[in-house]
Amino acid sequence: MARFQAPRGTRDLLPIEKTAFSRLESIAADLAERYGYQPIETPLFEQSEVFERGVGGVTDVVEKELFRVQAGRGDEERERWALRPEPTAGIVRAYLQHGMQTWPQPVRLATFGPMFRYDRPQAGRFRQFWQFDVEAIGDPGPAVDAEIIDLARRFYLDSGLAEPRLLLNSIGDAACRPAYVADLAAYYRRHEARLPAIERNRLERNPLRLLDSKEPVMLELNAAAPSIGERLCGPCAEHFAGVTAHLDTIGIASTIEPRLVRGLDYYTRTTFEFVPQDAHGQQSAIGGGGRYDGLVELLGGRPTPGIGFGIGIDRLILALTEQGVVAPSLPHPTAVVVGADPSDTATRLVIATELRAAGVSARADLAVRKLSRQLEGAARDGAHFAVICGDELDAGQVQLRDLEAGTQRVVARADLGRELLRAAKSHRHG
RNA sequence: GUGGCCUUAGCUCAAUCGGCAGAGCAUUGGAAUGUGGAUCCAAAGGUUGCGGGUUCGAGGCCCGCAGGCCACCCCA
């Protein structure tokens, strides 16, 4: 056992895993650009208040899971910082700080990076996890909700995932949700004697969460509980109808899930979540989001609507693995430069440098070991070619060996770069 | 934060009732001094997660801690 280990809930992305991550990051960047979402990157930490106000002070994410940062000597810093548990609050902070209200609305932004929550780790749940995140700030209409959902779905499909299930709900707004929550709480209080202890606690903190309970007694109670769908105010109901209509128009199927309650305070109206078709286990949500029409105001701006989603990259990779989507292979050099004289590492280095200058992906075998070992290393590295340096170099030539075909020929050192570029190109196309 | 199961070499796992810590794969070297993923031989690799206890003797039993997994909680 190594003396030092990655902190609990974090992990090292080894080359094969980092390659899979990079592939998804690249797909995300392409997709954002194709949809007209501009890249942005905000700090990994913010003043704690950004999250306390934005995400909500009584949420678990802020109350229990915030990674608070201790910096400097403590006494000289009046500000308190925290690692970001989610990307939206920081992006909205940037929106206000840089006056994006004066940009054409909505402002469409996309980012990709790590988030931090001090949670108890589990499969699919980490203290540092990655999200691909997209936000559209400044458009109140239901069409942009559909656009965002379409973008999210497209990302899953482009990554190779089978069509995921879309769970959709509306949780109302400041006009209708408080009354609904009060009715809901009153309903449960009438049955308080039957509530398990944990549910009584939830009743005080967040009555909406009772709808999502896994307690057997609750299934019966929930069936008779008032439903948000029939309590939406006129504008919210109209908005939700607009979202489903737009989704229908662009051919995206969804499941209305009245119990879909999200854990961050800033959500209003539309909330949604994606789950893999073959989902099992509790950490099954591979992404979710919703509308946050009150968030900009919470952070000190004029009332401004917004909507966004975050996709959990770690969980998406788990889902892809379960579905048998092949992981991308490690990158490998086109050529490895080996030599007949084990100790002559300098010649190998020079030839490899020439090849790189010519644009060829090449590495030299720099170990002092005999030729057969060098060739073995080249083959195991997945290189297509080995460049063998020997006595032929006196005549300005090397052996160019095709490791896949098992053939080789003599090539002039001066032509080597061109030859390899041409061969690598035809190999890719063939 | 709560409960359950687990932790032996880089990886996957053995080790009878408490009695000399092992194998396969991977790594390195040799067989083979200028020709590769095969084969054979060998080497190297360990505070058995950490700390304490019981015992003549602990990888195996007891206690604590850490980490992983599972469920809860929460969420991506």
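This structure is a prediction, so every number in the text was calculated from the model and none was measured. In the text below, chain A, chain B and the rest are named by the order of the sequence lines, each starting its count at 1.
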Look at the side-chain N and O atoms of Gln122(A) and state whether any lies under 4.0 Å from the OP1 or OP2 oxygen of G68(B). no
Asp12(A) CG to G68(B) P, in whole Å, measures 12 Å
May I ask you to decide if Arg120(A)'s main-chain N or O and Arg125(A)'s side chain share a donor-acceptor pair within less than 3.5 Å? yes
Looking at side-chain heavy atoms only, is the closest gap between Arg153(A) and Leu247(A) below 4.5 Å? no
Under 3.5 Å donor-acceptor, Gln374(A) side chain and Arg369(A) backbone: yes
Measure CG/Asp60(A) against C1'/C72(B) and give the value in whole Å, please. 13 Å
Whether the side chain of Glu273(A) engages the backbone of Leu260(A) through a donor-acceptor N/O pair (distance < 3.5 Å, no angle test) should be reported. no
Closest approach to the side chain of Glu65(A), judged atom by atom: which nucleotide of C74(B), C69(B), C73(B) is it? C74(B)
Arg409(A): what forms a side chain to side chain donor-acceptor pair (under 3.5 Å) with it, not counting sequence neighbours? Glu419(A)
Polar contact flag, side-chain donor to acceptor under 3.5 angstrom, Asp293(A)-Tyr267(A): no
Salt bridge (Lys or Arg N to Asp or Glu O under 4.0 Å), that's the test. Do Glu65(A) and Arg127(A) meet it? Break it down for me. CA-CA 9 Å; Glu65(A) 300 171 4; Arg127(A) 289 181 171 182; over 6 Å; no
Side chain of Gln131(A): nearest nucleotide among C69(B), A76(B), C73(B)? A76(B)
Would you say Glu199(A) and Tyr188(A) are linked by a side-chain donor-acceptor pair, where the criterion is simply a distance under 3.5 Å? no
Base C73(B) to side chain Arg209(A), donor-acceptor N/O within 3.5 Å cut-off: no
Counting the atoms with a prime plus P, OP1 and OP2 as sugar-phosphate, which does Gly9(A) contact under 4.0 Å by heavy atoms, base, sugar-phosphate, or nothing? sugar-phosphate
Between protein and nucleotides 33-42 of chain B, map the contacts as a letter string: B base, S sugar-phosphate only, - none, heavy atoms under 4.0 Å, written 5' to 3'. -BBBB-----
Which glycosidic conformation, syn or anti, is assigned to G64(B) if syn requires a torsion within 90° of zero? anti
Would you please classify the geometry between the Tyr292(A) ring and the Tyr266(A) ring as parallel, tilted or perpendicular, with 30° and 60° separating the classes? perpendicular
Below 3.5 Å, does any donor atom in the side chain of Arg120(A) face an acceptor in the base of C73(B), or the other way round? no
Could you write out RNA chain B as a dot-bracket string, with dots for unpaired bases, | for bases paired across to another strand, and Watson-Crick or G-U pairs counted at under 3.5 Å? (((((((..((((.....[..)))).(((((.......))))).....(((((..]....))))))))))))....
